[in-house]
Amino acid sequence: MATLGNHDHWAGAAAITEALTRRGIRQVSPRFSPSGDWVAYTSRTLHRYGEIRLVRPDGGDDHQLIERSGGTGLAWTPDGQTLVFDEPE
């Protein structure tokens, strides 16, 4: 399970979670890179534009790649070199 706001740790039958990031007001569409080194996600903010951001799975090195004017879909190419995302017209 890949939820952006949480790391999963198993304790018996229940998962204990902790936030990866607290950026923006809502984080959606987390996608692990094919190598597992990065998580790409869309961060909604109070500003007009949301952002596509990258963060390490341990929560480190969180940074913006690009602003986006809408959409939430993200996908990595199989080689992990490119992110593909949707934008409204």
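These numbers come from the heavy atoms of this one structure, side chains and all, not from hydrogens, waters or symmetry mates.
Atom OG of residue Ser33 and atom CD of residue Gln81 lie 10.0 Å apart, to the nearest 0.5 angstrom.
The minimum heavy-atom distance linking Asp61 with Arg56 is given by the pair CB-CG, 3.9 Å. Gly60 and Asp58 make their closest contact through N-OD1, 2.9 Å (heavy atoms, listed as atom of the first residue, atom of the second, distance). When all heavy atoms of Pro57 and Gly36 are compared, the pair lying nearest together is CG-O, 3.2 Å. Between Gly80 and Pro34 the shortest heavy-atom distance is CA-CD, 3.6 Å.
When the side chains of ILVMFWY residues are joined at heavy-atom separations under 4.5 Å, either directly or via intervening members, Leu54 and Ile66 end up in a single hydrophobic cluster.
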Worked verdict on Tyr41 versus Asp62 for side-chain contact (heavy atoms from CB on, under 4.5 Å): CA-CA 10 Å; Tyr41 67 98; Asp62 190 344; 2.9 Å; yes
Criterion side-chain contact (heavy atoms from CB on, under 4.5 Å) on Ile52 and Leu83, from CA distance to verdict: CA-CA 10 Å; Ile52 295 176; Leu83 273 170; 4.2 Å; yes
Leu65 and Arg53: CA distance, side-chain angles, deciding distance, side-chain contact (heavy atoms from CB on, under 4.5 Å) verdict: CA-CA 5 Å; Leu65 286 179; Arg53 300 188 65 88; over 6 Å; no
Chi angles and distances behind the side-chain contact (heavy atoms from CB on, under 4.5 Å) call for Thr42, Leu74: CA-CA 8 Å; Thr42 296; Leu74 290 174; 4.0 Å; yes
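Looking at residues two or more places apart in sequence or on another chain, you find a salt bridge (Lys or Arg N to Asp or Glu O under 4.0 Å) between Arg68 and Asp86, Glu87. Partners of Thr82 under the side chain to side chain contact (heavy atoms under 4.5 Å, CB included) rule, at least two apart in sequence or in another chain, are Thr77. Every residue was checked against the ring pair (Phe, Tyr, Trp, His ring centres under 6.0 Å) condition with Trp76, not counting sequence neighbours, and none meets it.
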